[in-house]
Amino acid sequence: MVDGSSPGGPPPLWRRLLWFAAIWAASIVALGIVAFGLRTWLKAG
Amino acid sequence: MLSDFDALLLARIQFGFTVAFHIVFPAFSIGLASYLAVLEGLWLATGRQVFLDLFKYWIKIFAIAFAMGVVSGLVMSYQFGTNWSVFSDKTGPVLGPLMAYEVLSAFFLEAGFLGVMLFGMSKVGPKLHFFATLMVAIGTFFSAFWILSVNSWMHTPQGYGINAAGQFVPEDWWAIVFNPSFPYRLVHMVLAAYLTTSLVVGAVGAWHLLRDRYNLGARTMFSMAMWMAAIVAPLQILAGDAHGLNTLEHQPAKVMAMEGHFESHPDGAPLILFGLPNQEAGRVDYEVSIPKLSSLILKHGLNEPLKGLDTVDRKNWPPVPVVFWSFRVMIGLGMLMLLLGVCSLFARYRKALYDWKPLHRFAVAMGPAGFVAVLAGWITTEVGRQPFTVYGLLRTAESASPLSAPAVGSSLVAFVLIYFAVFGMGILYILHLIAKSPHLGEHGIEPGTPIRTAGITPATSVNPDRSLQPAE
């Protein structure tokens, strides 16, 4: 889950920032899909 | 069978049951998010592997507690619509935006950065990962900020007007958000979350110390937790006292119920330690009390007058026995937490923090105490607010949806069954995780070697590159 090691040296900052933004956005999208599903389910009920 | 019950009572039981299940998870995750940020910060600052190992140990537990908190929280907003539609309609213009801010905090700070925190270390590097951990910790605080602002407004409403439809409408947002009881409630709850987490972490550390007193991870977490207990427990008592004085000013009937003061005391009121409140007769049976001490605590004078419930219309009395006893449970546990902190300071002074088994057993026994105290505190404040949802303005009986008892009762039965199954499994899994010893890259001292400076060999001579007790 969490790995503090960085074999072969750290990747460049721009790549780490891109990963940061991508994981953050993916998390938001994942939660958004769950929330939208719940909203649809409740409205249907 | 369910038609024999009162729909309002069933709706109240349902809300009480679901909110009691819910609050234990935020109480844990608010404190644990900050603890994880401290652990990762210490790892970055010192480079010591033990802090990263503890971070890895607790982040799995945090993820589960966080998920259960989110799921159980969703049910609360669901009930606002189903069982409390009149309340939602009347207070929606004021409380709706505040709850939306809470959702935004949870969405964009907690949940978003949690993904980076759980899965991003190898991709984003330690410093950006630490930033994500800090954002999650700050997000949990902001969530607490908005929810407690909502709750506090229901206790001490201000900054509103009432429109032609009988709804509360906002007139001054600053007054609404920073209503009179909000700062006290926020400080009291956030400190409670930190204390609850420190007691859990301390209990886990003590549990593993009882099995292996050389485990460096167990030593570090136990030491950190005992520092927190020793510092935060007295601060929490001071914060609780200030909150009580604020409640006396704005919700005196609640304090009368907490104190068991059915009668007014013009020449100084006693502090009732124990007794059996008899609401029908308006007295406390078999009371054990200390004369004038309640006046000293609440009014800072032995002979200061204190009004009793005899000055309040009976139809506005809260259920006194529940408030009276839940308050005593909270205070009693708070005193035991203080005792644990003091004992840990004594053990630290005697350099026996990792060797004193009675202290470890005491810490293990106190592991759930924070959760029980949080529940008792919330029962005190919420039952003490009755018979109102918006204090003095909207009665609980006038807030409920026009539902039949079987409709509310069947969903209550479903909630009870599902909650015990789903959250029971989650809690069992957390217990399974904490039963495992912290897995360390740095193993600490091998059994059989000197472990403290009280012996002949100084600990640092065993390994001169590091100190033995990093968190002390």
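None of the values given here were measured: they were computed from a predicted structure. Residue numbers begin at 1 in each chain, while the letters A, B, ... track the order of the sequences.
Between chain A and the residues Gly115(B), Gly112(B), Gly125(B), Ala132(B), the most heavy-atom pairs under 4.5 angstrom are made by Gly112(B). Counting heavy-atom pairs closer than 4.5 Å to chain B, the top-ranked of the candidates Gly32(A), Ala22(A), Ala26(A), Ser27(A) is Ser27(A).
The structure places NE2 of His129(B) at 9.5 Å from CZ of Phe20(A), a figure rounded to the nearest 0.5 Å. Atom-to-atom distance recorded for Trp24(A):CH2 and Leu109(B):CG is 8.5 Å, nearest 0.5 angstrom. The distance from atom CD of Glu110(B) to atom CG of Leu31(A), rounded to the nearest 0.5 Å, is 10.0 Å.
Both the backbone and the side chain of Phe108(B) come within contact range of chain A, each with at least one heavy atom under 4.5 Å from a heavy atom of that chain. Heavy-atom distances place both the backbone and the side chain of Leu17(A) under 4.5 Å from chain B.
The shortest non-hydrogen separation linking Ile23(A) to Val116(B) is CG2-N, 3.5 Å. Nearest heavy-atom pair, Val124(B) versus Arg16(A), reported as atom, atom and distance to 0.1 Å: O-CD, 3.2 Å.
Considering only heavy atoms from C-beta on, Trp19(A) stays 4.5 Å or farther from Phe119(B) through its side chain.
Other residues, nucleotides and ligands place no more than 12 heavy atoms under 6.0 Å from the OH atom of Tyr101(B). By the 6.0 Å contact criterion, OH on Tyr419(B) is enclosed, its count of non-hydrogen atoms from other residues, nucleotides or ligands being greater than 12. The number of heavy atoms from other shown groups lying within 6.0 Å of CZ (Phe17(B)) is above 12.
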